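What follows is a single structure, written as structure tokens, with notes after it.
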Amino acid sequence: MSLTRLKDGFRTGIHSLDYEHRKLVGVMEALCDSFDRAGSTREVSELFGALYAEASAHFALEESIMREKKYAFYDAHKADHERLLDQIRHMMEAYEDGMCADCGTSLRACLEAWFAGHVAGADAGLRTLAE
Ligand SMILES: [Fe+2]
Ligand SMILES: [Fe+2]
């Protein structure tokens, strides 16, 4: 799933989460645009910081909704959030010198795999919690 498709098409049906997913995609698009324009810069690292902060807050909100609704797959979903935050920290370092030190793919492709994969997989299960 591309970032654009995620922003326009994917819905859990829980408005606060859908709103935040769109907001996160907006930060990722700004980050990719900044990176494409200028490579690794102060702006890129600030946007990485913003993405990390927004993602942490978003995951905390999702986890509180899952706890409140006694979601059966809470533990696995939370573990995936923790893995995603580790990956963002790793990406921040990998892209410091202008390209991914590990996979050689674009930052956009890395972020799509990072976020869209989780949202299309684990977050799709949250539709069962929407009222
Ligand atoms: Fe999410
Ligand atoms: Fe999630």
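Bear in mind the structure is a predicted one, so any value in this text is a computation, not a measurement. Quick note: residue numbers are just sequence positions, from 1. These values consider heavy atoms only, across backbone and side chains, with no hydrogens, waters or symmetry-generated copies. Whatever order the structure lists them in is the order used to number ligands and atoms, beginning at 1.
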| Residue pair F48 / L107, side-chain heavy-atom distance below 4.5 Å | yes

| task | Determine whether I65 and I14 make a side-chain contact, defined as any pair of heavy atoms from C-beta on separated by less than 4.5 Å. | result | yes

| Near the Fe ion (ligand 1), is there an N/O/S atom from D123 that is less than 2.8 Å away? | yes

| How about H58: does one of its N, O or S atoms come closer than 2.8 Å to the Fe ion (ligand 1)? | yes

| query | Which value, rounded to 10°, describes the NE2(H77)-the Fe ion (ligand 2)-NE2(H81) angle? | reply | 90°

| Can a salt bridge be assigned to the pair K23 and D18 using a cut-off of 4.0 Å between side-chain N and carboxylate O? | no

| said: With respect to the Fe ion (ligand 2), please indicate if E62 possesses an N, O or S atom at a distance under 2.8 Å. | reply: yes

| said: I'd like to know whether OH of Y74 has more than 12 heavy-atom contacts from other residues, nucleotides or ligands below 6.0 angstrom. | reply: yes

